[in-house]
Amino acid sequence: MNKPYIEIDRITKWYPYQDGRIFHLGGEKKWIKAVDAVSLSLRQGEILGIIGESGCGKSTLGRLLTRLEEPTSGDVRIGGVSTKEMIRRDPKQFRRHVQIVFQNPFDTFTPRDTIEKILMRPLRNHRIGANDTERRKICLEGLESGGLCPAEDIMSRYPHQLSGGQLQRISIIRSMFLQPKFIIADEPVSMLDVSVRAEIIRILQDMSRRQKAAVAFISHDIALTRYISDRIAVMYLGRIVEYGDADDVIGQPMHPYTRALLSNCASIDPDEKTTPAAIQGEPPTPVNPGPGCYFAPRCHMACPACFESYPQISHFANGHYAACQRTAE
């Protein structure tokens, strides 16, 4: 169980920068570095939280992991097999192994189809169940296990007749039918009422535990990510700046950016007193950033060396690491 099952190997996505000019004479070609050489790993049944400010590249990373976008370079391996090779050999099998839960459940389903058609379609496509009678039974049992009762009534409805929380549960249940090996949950509860978030999280945790599926949980909600995740990766301007066990990253943050994020996050302990740390200015442009630490212009700990070259990774106990010049001192 300690061996990585999902290996993200220096995955990168650069977009050519378009500034409205028709010709670029003699200048350096510019790139938007949305995701820049990200390397992570997940074990079977593990939930990895990926946190960071809006625009840091989290959702782009999620699309790369599912091959909804092709990376500029790098690869993702599942059980030692390249996902690029998996798609080349059998795209349908790849889509069964890798599933994504999107942020907006109202955009997930075809509005003209009933929930029965929506749930039955992947079962037929992947030949799950001996016949439609058995497939319909699978659908009813799945809805009931997700707290969607009466299941018969839910099956006959259209997406617009259900709430966001109900649709998100159906989205996860539909993914469960395929028994995926890797699930990317991209802000799956950010558009839902607080009252239903816990149920969505419970379903994700249950699916990860029972099916031993690795889950990448993408969120800007640090408190929620802390609760659900085994390990946490902190992302800033396309790069991972800190990574480790959830308790280590939350309890002993090593990167100044992580500390600032946590200081602005509400504590689950009502008696804990915290002083929010202000992050000065806006994130720098992702167009040809560098050469130094991307966070340096906003960091109160920055020194001259921070602006000269991107920092090397400093390793701590339990696989915890951070990319920070000052931490390495």
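Bear in mind the structure is a predicted one, so any value in this text is a computation, not a measurement. Throughout, numbering of the chain's residues begins at 1 and tracks the sequence.
Here the straight-line distance linking atom OG of Ser73 with atom CZ of Arg10 works out to 7.5 Å at 0.5 Å rounding. Between the CG atom in Leu119 and the CG atom in Leu143 there is a gap of 5.5 Å [rounded to 0.5 Å]. Considering CG of Asp221 and OG of Ser190, their distance stands at 9.0 Å, rounded to 0.5 Å. Between atom CD of residue Glu144 and atom SG of residue Cys149 there is a gap of 5.0 Å, rounded to the nearest 0.5 Å. With rounding to the nearest 0.5 Å, the separation of CD1 in Ile232 from NE2 in His320 is 10.0 Å. The CD atom of Gln179 sits 9.0 Å away from the CZ atom of Arg210 when rounded to the nearest 0.5 Å.
With sequence neighbours excluded, no residue satisfies ring pair (Phe, Tyr, Trp, His ring centres under 6.0 Å) with His97. Evaluation of the side chain to side chain contact (heavy atoms under 4.5 Å, CB included) rule for Ser163 yields Gln166 as partners, not counting sequence neighbours. With sequence neighbours excluded, the residues forming a side chain to side chain contact (heavy atoms under 4.5 Å, CB included) with Arg135 are Met120, Leu123, Arg124, Asp132, listed by chain and number. With sequence neighbours excluded, no residue forms a salt bridge (charged side-chain N to carboxylate O under 4.0 Å, His left out) with Glu308. With sequence neighbours left out, the side chain to side chain contact (heavy atoms under 4.5 Å, CB included) criterion links Pro256 to Phe295, Cys299, Met301, Cys324.
Following chains of ILVMFWY side-chain contacts shorter than 4.5 Å, one can reach Leu237 starting from Tyr257, so the two form part of one hydrophobic cluster. The hydrophobic cluster containing Val35 does not contain Trp31, counting ILVMFWY residues as joined when their side-chain heavy atoms lie under 4.5 angstrom apart, directly or transitively. Hydrophobic clustering of Ile, Leu, Val, Met, Phe, Trp and Tyr side chains at less than 4.5 Å, counting indirect connections, keeps Phe102 apart from Met191. Both Ile11 and Leu42 belong to a single network of hydrophobic side chains, linked directly or stepwise wherever heavy atoms of I, L, V, M, F, W or Y lie under 4.5 Å apart. Connection of Leu61 to Phe94 is established within a shared hydrophobic cluster, with ILVMFWY side chains joined at heavy-atom distances below 4.5 Å, either directly or through further cluster members.
Within the structure, the salt bridge (charged side-chain N to carboxylate O under 4.0 Å, His left out) test picks out the following pairs touching residues 155-180 (sequence neighbours left out): Asp153-Arg157. Identified under the salt bridge (charged side-chain N to carboxylate O under 4.0 Å, His left out) test for residues 95-119, with sequence neighbours left out: Asp113-Arg121, Glu116-Arg136. Within the structure, ring pair (Phe, Tyr, Trp, His ring centres under 6.0 Å) pairs that include any residue of residues 156-203 do not occur (at least two apart or interchain). The side chain to side chain donor-acceptor pair (under 3.5 Å) pairs that include a residue from residues 229-238 are Glu46-Arg231, Arg231-Tyr243, Tyr236-Arg298, where partners are two or more places apart or lie in different chains. Note on residues 209-235: no pairs pass ring pair (Phe, Tyr, Trp, His ring centres under 6.0 Å), not counting sequence neighbours. Applying the salt bridge (charged side-chain N to carboxylate O under 4.0 Å, His left out) definition to pairs two or more places apart or across chains, those involving residues 235-257 are Asp36-Arg239. The salt bridge (charged side-chain N to carboxylate O under 4.0 Å, His left out) contacts involving residues 178-195 comprise nothing, where partners must be two or more places apart or lie in separate chains.
Using modelled atom types, one finds a donor on one side chain and an acceptor on the other under 3.5 Å when comparing Thr83 with Arg67.
Contact detail for Ala216 and Leu65: the closest heavy-atom pair is CB-CD1, 4.5 Å. The two atoms that bring Gly62 and Ile184 nearest to each other are CA-CG2, 3.9 Å, heavy atoms only. Residue Val101 comes nearest to Ser171 through the heavy atom pair CG1-OG, 4.1 Å, listed as atom of the first residue, atom of the second, then distance. When all heavy atoms of Gly129 and Ile138 are compared, the closest pair comes out as CA-CD1, 4.5 Å. Between Ser175 and Met207, the shortest heavy-atom distance links the atoms C-SD, 4.5 Å. Contact detail for Leu167 and Pro159: the closest heavy-atom pair is CD1-O, 3.6 Å.
Of the possible donor and acceptor atoms, none in the side chain of Lys58 sits under 3.5 Å from a partner among the backbone N and O of Gly238. One N or O on the side chain of Ser208 and one on the backbone of Gly45 form a donor-acceptor pair closer than 3.5 Å. Judged by distance alone, with hydrogens and angles left aside, the side-chain atoms of Thr327 form a donor-acceptor pair with the main-chain N or O of Met254 at under 3.5 Å.
Between Pro4 and Glu7 there is a side-chain heavy-atom pair separated by less than 4.5 Å. A heavy-atom distance below 4.5 Å is found between the side chains of Ile173 and Leu148. Counting heavy atoms from C-beta on, the side chains of Pro122 and Leu178 come closer than 4.5 Å. The shortest side-chain heavy-atom distance between Asp9 and Arg77 falls under the 4.5 Å cut-off. For the pair Gln93/Met86, no side-chain contact is recorded, criterion being any heavy-atom separation below 4.5 Å from C-beta on. No side-chain heavy atom of Pro71 sits less than 4.5 Å from a side-chain heavy atom of Thr12. Within the 4.5 Å cutoff, side-chain heavy atoms of Lys33 are placed close to those of Trp14. The side-chain heavy atoms of Ile222 and Leu261, taken from C-beta on, include a pair separated by under 4.5 Å.
The pair Arg88-Glu85 meets the salt-bridge criterion, since a charged nitrogen lies less than 4.0 angstrom from a carboxylate oxygen. A salt bridge is absent between Lys84 and Asp75: the closest approach of a Lys/Arg side-chain nitrogen to an acidic carboxylate oxygen does not fall below 4.0 angstrom.
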Using side-chain hydrogen bond (donor to acceptor under 3.5 Å, both in side chains), reason through Gln325 and Tyr310 one step at a time and then give a plain yes or no. CA-CA 8 Å; Gln325 175 76 24; Tyr310 198 85; over 6 Å; no
Please assess Glu199 against Arg202 for the test salt bridge (charged side-chain N to carboxylate O under 4.0 Å, His left out), listing each intermediate value before the final yes or no. CA-CA 5 Å; Glu199 180 63 19; Arg202 183 196 66 77; 2.7 Å; yes
Given the rule in the side-chain contact (heavy atoms from CB on, under 4.5 Å) test, do Ile115 and Ile170 qualify, once you have shown the distances and angles that lead to the verdict? CA-CA 8 Å; Ile115 300 303; Ile170 291 168; 4.0 Å; yes
Could you give me the CA-CA distance, side-chain angles and deciding distance for Val241 and Tyr294, then say whether side-chain contact (heavy atoms from CB on, under 4.5 Å) is met? CA-CA 10 Å; Val241 297; Tyr294 298 170; over 6 Å; no
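Heavy atoms of other residues, nucleotides or ligands lying less than 6.0 angstrom from CD of Gln161 number more than 12.
With Ile201 as reference, Leu224 is the one residue of Asp206, Val196, Leu224 to meet the side chain to side chain contact (heavy atoms under 4.5 Å, CB included) rule. Checked options Ile51, Val249, Ile250; the residue passing with Leu262 is Ile250 (criterion: side chain to side chain contact (heavy atoms under 4.5 Å, CB included)).
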